Structure formats: C-alpha cells, structure tokens
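To keep things clear, I will list the structure first and then write my remarks on it.
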Amino acid sequence: MSMSSVGRPTRPNAAGGPEGHASLTGGRGLLQDEPLLFELGGWDKTGVDFDAADHDASDLGDLVRAAPIGLAGLSEPETMRHYVRLSQKNHAIDLALYPLGSCTMKHNPRLNEKMARLAGFADLHPLQPVSTTQGALELIDRLAHWLKTLTAMPAVAMTPKAGANGELCGLLCIRAAHEAAGQGHRRTVLVPTSAHGTNPATAAFVGYSVTEIAQTADGRVDLADLAAKLGPDVAAIMVTNPNTCGLFERDVMEISRLTHEAGAYFYCDGANFNAIVGRVAPGDLGVDAMHINLHKTFSTPHGGGGPGAGPVVLSKALARFAPAPWIVHGEAGLELVEEAKGEAASAFGRMCAFHGQMGMYVRAYAYMRSHGADGLRQVAEDAVLNANYIKARLSAEMTPAFPDGPCMHEALFDDAWLESTGVTTLDFAKAMIDEGFHPMTMYFPLVVHGAMLIEPTETESKRELDRFCDALLALAGAAKAGDAERFTGAPYLAPLRRLDETLAARKPKLTWRPEQEAPLAAE
C-alpha cells in the first residue's frame with residue numbers, strides 16, 4: 001500500500017520549483033538552519049529562574065563572580081533541540097554505508113551497547129577496592145584469553161587506549177627487550193610505504209630514526225629493499241597486514257624470517273585485523289607484537305576521537321616486557337599486579353594510570369560471544385567478499401590501483417579514470433555528499449595518485465552495496481560526460497558548502513566571542 005500524495009508530487013526532484021530553490025529561513029525542509037549555541041541569544045536571561053539570594057555571600061571570599069558567566073541562557077527544550085538539529089547534520093553508520101577505508105566503520109550491535117550499560121560495568125570507579133570489581137576483572141581476563149587465542153600469541157597488554165597508543169606500547173616493549181639484551185644501540189625502525197601513517201610517527205616519538213622500505217609494483221613490501229636495509233642498527237620493522245592498499249602481504253613469512261635473522265623484531269599494525277580475524281593468526285606468521293583496535297574489529301566504530309582500546313598481543317620473546325598492570329589469579333580471587341617484579345622487572349613500566357576502557361572491553365567481549373568462532377571467521381570472509389564485489393562493480397568506470405587479483409577488506413582506486421574530465425578526487429568525493437553518501441578515504445595511501453580507498457565492512461547487505469555502487473557509477477558517468485559543474489561546486493545540498501580545510505586545520509577558531517558583549521540584564 002502506498003501513501004496517498006493527494007495529487008501532489010512527493011519527491012524533491014519532482015517538486016516543480018525553480019532550479020536551486022532556497023527557503024526564506026535557510027532551512028532545507030525539516031532540516032533547519034542551526035546557528036552556534038552562543039548565537040542563539042538569551043544573554044539577558046537564564047534557562048532556570050532562581051530566587052534572589054537572601055544570605056550573606058561574604059563567606060565565599062574571592063570566589064564570588066565579579067563578571068558575567070558568558071553562557072547563553074537557554075531553556076531545556078531549546079538546548080535539546082539545538083543538539084538534535086546538529087546531530088541531523090552529521091553522517092552516521094545508522095544512516096547509510098560509511099565507506100572510509102582503513103577505518104572499519106561497521107554497524108554497532110545494540111546488544112553490545114546494552115551490555116556496556118549494565119550498572120556493574122558502567123558505574124565502576126577506578127579506585128574501587130579490587131574485591132568489589134571481581135566481575136569486571138573476570139570479563140577483562142576472559143577477553144584477554146580470546147585475544148591471545150585469536151592471534152596465537154602468549155601475552156597481551158590490555159591498557160593501551162587506541163591504535164597509536166598500542167603502537168607506542170609495542171615499540172616500548174621492543175626497546176626494553178633490546179636494552180635488556182645489551183642491544184640498546186639498535187635505533188632504526190623500518191617502515192614500508194604501504195604502512196599506516198601513525199607507524200613512522202610513533203617510531204619517531206619513541207626516539208627511533210625511520211627508514212622507508214620501498215613498495216613493489218603490485219603494492220607489497222619490496223623484499224630486496226628490505227634485505228638491503230636490515231642491519232645491526234635495526235630495532236624493528238612495522239608492517240601493516242593487510243596493508244593500506246587493501247592487499248595481503250603474501251611474503252609475510254619471509255619478512256619475518258629476514259627480520260629475525262637480523263636480530264630485529266616484527267611489529268604488525270593490527271588496524272586491519274577485521275580482514276583476517278578467525279582466518280589467520282598473526283602469531284603463526286612470526287609477528288612479535290601487534291595492537292588490536294577493539295573499536296574497529298570488535299564493534300564500537302570510533303568517531304570524534306574516541307573512546308577506543310588497543311590491546312597489544314606479544315610473542316614469547318616480548319611477553320615479559322609487557323607493561324603493568326595485569327590480572328593474576330590469586331588466593332582471594334582475581335588481583336591486579338600494579339608493579340612488575342622478578343623476571344618482568346625489565347618491562348618499561350606502565351602505559352596508563354588505570355587498567356583500561358571498561359566500556360570497550362564489554363562491547364568487544366559481547367561481540368565475540370555473540371559471533372562465536374565460526375561467526376568471527378565469517379566476519380573476515382564477508383568483509384573481503386563485499387570489498388571485492390565493490391571492486392568488480394566499480395571497475396567498469398573507475399580504475400583499480402592494483403587491478404590484478406583480488407583485494408582484501410578494502411577496494412583501492414586511483415584517479416586515472418578522471419584524466420581530462422576537469423574533476424579531481426576531492427570534487428568526486430564532495431559530489432558523493434549530494435547523493436547522500438559519506439565520501440571514501442581520499443588521497444591515502446600516498447603511494448597511489450588521487451587515491452580513493454573504500455572499505456564496506458561485512459555488515460553491509462548486497463542491496464546497500466548496490467545502492468552505493470549505483471550512485472558512484474552514475475557520478476562517474478556524469479564526470480566523463482562533461483558535467484564538471486556538478487562536481488566542482490559540490491556539495492550543493494550540505495548544510496555548508498566547501499570550507500577552507502587548510503585554514504581550518506592550521507588556524508582553528510576554538511572559542512567564540514560576541515562582537516559586542518551584551519549586558520547581563522536590560523537596563
């Protein structure tokens with residue numbers, strides 16, 4: 001049964017209005033124009049009225065406010081509507097496919113959220129006595145067990161807060177291991193061009209010098225270049241596998257062998273673990289350390305900078321260098337070891353003040369339990385299948401960066417197909433916004449010119465994949481047909497048009513001040 005249109009057009013493109021029709025208020029239908037909170041007015045009022053104080057405030061001393069507080073006075077409905085309207089301007093995985101490559105923005109099961117909100121987990125305080133947190137410690141201990149099982153690694157440090165923090169943890173473990181063995185002179189880290197950008201940054205932060213490893217024509221680590229650059233000064237190699245070209249490093253076992261023969265350690269960036277979870281155990285590949293983004297592979301896709309969790313699994317050679325704290329089974333139940341002693345005393349110390357992000361642990365554990373071993377294996381299989389389906393469909397109009405053979409969890413295209421159209425990768429991405437889709441990752445990895453990196457994840461149905469591909473194919477056809485204006489001025493239908501992103505990044509305005517301070521009350 002269809003909704004009656006009462007003889008009127010119901011679709012925006014059938015409205016019959018003038019081209020580029022604009023409302024009188026700046027709103028777009030039910031999406032209202034929304035100023036900043038401080039621009040909404042109300043400087044001469046408050047959202048809640050209080051009776052005048054009838055007592056002497058002299059006991060407050062110099063804490064008595066001498067100037068206006070500088071906040072807009074809004075009622076609760078005004079405040080609530082402001083934030084709801086802002087939320088309607090933001091893309092979300094709950095609205096449509098979120099194709100950012102190398103980010104694994106998958107659907108977040110609501111069951112996981114429900115579990116994370118259980119009072120025994122959500123209301124924990126980090127300074128509670130250990131005797132009152134036994135259930136939480138047991139969950140962390142079980143999660144650690146399954147992370148070690150999935151990776152075939154004997155130890156795991158649970159405290160790192162995200163991917164880059166995990167990289168830092170892994171390299172600090174490697175540095176501690178070298179120093180304990182009298183190899184502190186090893187001060188170089190090798191990083192392939194296909195690695196994540198945080199890898200060289202983390203190595204430099206730890207104090208290492210970074211040497212780049214070349215990439216072959218088919219997007220993998222150049223073994224000859226690696227062998228030539230391995231030497232007595234090399235501490236580790238950092239390899240992302242699958243790499244940021246969406247390709248599995250098929251020579252990973254040889255990379256491991258060459259690295260270990262040179263006396264160095266093999267760090268694997270686990271940000272793309274979603275592509276191989278349940279299928280490949282990094283420990284079996286010779287990996288010594290790898291961080292796992294719980295907020296990617298095991299739900300809770302991150303946005304806005306957090307929260308996150310990046311536990312680091314460690315090989316037998318690095319296990320005793322793991323940072324404190326860790327959980328042990330004691331006579332009185334589960335206990336936290338807050339300081340490394342004995343054989344582990346050579347560890348670098350601790351990463352964080354407390355044990356970790358409890359909400360992330362609960363979500364990840366719920367995700368594992370609800371999927372089971374076979375379900376986690378299917379996660380990787382479906383993620384790879386979906387990416388290859390997108391690669392196959394879009395290859396008719398767009399040029400794959402590495403056309404030979406299948407990809408892993410993400411499909412990578414270059415901008416060769418846009419040559420002579422007058423349209424750039426950025427233009428194409430902005431036009432995607434007008435079609436209702438968040439753009440893919442642009443211009444990354446840097447080794448591919450005009451890169452467009454698409455990761456559909458395993459949670460998208462064929463219908464959604466087709467809807468996404470149909471939109472991109474239509475845009476590609478328009479670009480090749482000479483409809484450059486559709487792209488160079490895009491987005492036309494977003495709350496704001498193109499911003500000066502360079503200026504915004506380098507000279508951000510993080511505070512707001514009115515042009516003229518309004519009086520606290522009308523005279």
Side-chain angles (χ1 to χ4, degrees), residues 91 96-105 192-197 215-220 240 242-249 271-272 274-275 383-458 460 462 464-484 486-488 490-491:
H91 190 79
L97 183 149
Y98 214 131
L100 286 178
S102 226
C103 281
T104 315
M105 298 295 283
T193 57
S194 57
H196 275 116
Q215 176 177 296
T216 60
D218 64 352
R220 274 102 173 170
T240 304
N243 63 35
T244 52
C245 296
L247 304 171
F248 190 82
E249 293 288 352
N272 295 340
N274 197 67
V384 173
L385 177 64
N386 283 356
N388 279 278
Y389 181 72
I390 283 181
K391 180 181 179 181
R393 281 214 60 193
L394 297 186
S395 293
E397 294 288 345
M398 300 164 61
T399 48
F402 302 99
D404 296 334
C407 61
M408 289 296 289
H409 60 303
E410 50 198 0
L412 177 60
F413 299 86
D414 60 27
D415 63 353
W417 64 278
L418 286 172
E419 188 176 352
S420 76
T421 64
V423 176
T424 67
T425 291
L426 179 64
D427 295 332
F428 188 79
K430 295 297 186 183
M432 288 174 62
I433 297 174
D434 285 338
E435 304 302 325
F437 289 99
H438 193 285
M440 70 287 280
T441 297
M442 301 175 292
Y443 301 114
F444 181 79
L446 301 178
V447 293
V448 172
H449 195 275
M452 303 176 210
L453 187 61
I454 303 171
E455 182 179 0
T457 81
E458 75 284 356
E460 297 300 333
K462 183 176 180 297
E464 283 296 298
L465 295 179
D466 282 331
R467 196 169 74 90
F468 175 74
C469 289
D470 289 344
L472 265 62
L473 290 172
L475 286 173
K480 293 179 179 180
D483 188 7
R486 175 183 298 278
F487 298 89
T488 55

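The first residue of the sequence shown is numbered 1, and numbering continues consecutively from there. Note that the structure is a prediction, hence the values are computed from the model and not measured.
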Pairs involving residues 431-456, ordered by first then second residue, that meet ring pair (Phe, Tyr, Trp, His ring centres under 6.0 Å) (sequence neighbours left out): His91-His438, Tyr98-His438, Phe437-Phe468

Leu472 vs Ile454 side-chain heavy atoms within contact, under 4.5 Å: yes

For Ala429 versus Pro439, what's the shortest heavy-atom pair and its separation? O-CG, 3.4 Å

Any idea which heavy atoms bring Cys469 and Ile390 closest together, and the distance? SG-CG1, 3.9 Å

Spacing of OG1 belonging to Thr421 relative to CG belonging to Asp483, to within rounding of 0.5 Å: 11.0 Å

Are Asn243 and Thr240 linked by a side-chain donor-acceptor pair shorter than 3.5 Å? no

Going by atom types alone, do Asn272 and Glu455 pair a side-chain donor with an acceptor below 3.5 Å? no

To check you understand the geometry: which heavy-atom pair defines the closest contact between Phe402 and Gln215, and what is its length? CZ-NE2, 3.7 Å

For Asp414 versus Pro400, what's the shortest heavy-atom pair and its separation? OD2-O, 4.3 Å

Quick one: closest heavy-atom pair of Leu412 and Cys245, and the distance? CD2-CA, 3.7 Å

Would you please say whether a donor-acceptor pair under 3.5 Å links the side chains of Thr488 and Asp427? no

Side chains of Asn386 and Leu465: closer than 4.5 Å at any heavy-atom pair? yes

Can you check whether His409's main-chain N or O pairs, donor with acceptor, with Asn274's side chain at less than 3.5 Å? no

Side-chain contact, heavy-atom cut-off 4.5 Å: Met440 with Leu453? no

Going from CZ on Arg393 to CG on Leu473, what distance comes out if it is rounded to the nearest 0.5 angstrom? 5.5 Å

Using the rule side chain to side chain contact (heavy atoms under 4.5 Å, CB included), only one of Glu460, Arg467, Met105 pairs with Leu97; which is it? Glu460

So, Thr244 side chain and Ser194 main chain: donor-acceptor pair closer than 3.5 Å or not? yes

Minimum-distance pair of heavy atoms, taken over all atoms of Thr425 and Ala451: CG2-O, 3.7 Å

Check: Glu410 side chain, Ser102 main-chain N or O, donor-acceptor pair, under 3.5 Å: yes

Pairing of Asp434 and Arg486 as salt bridge, 4.0 angstrom limit: no

At what distance, to the nearest 0.5 angstrom, does CG of Leu394 lie from CZ of Phe413? 4.5 Å

Run Thr424 and Asp415 through side-chain contact (heavy atoms from CB on, under 4.5 Å) and show every step you take. CA-CA 7 Å; Thr424 67; Asp415 63 353; over 6 Å; no

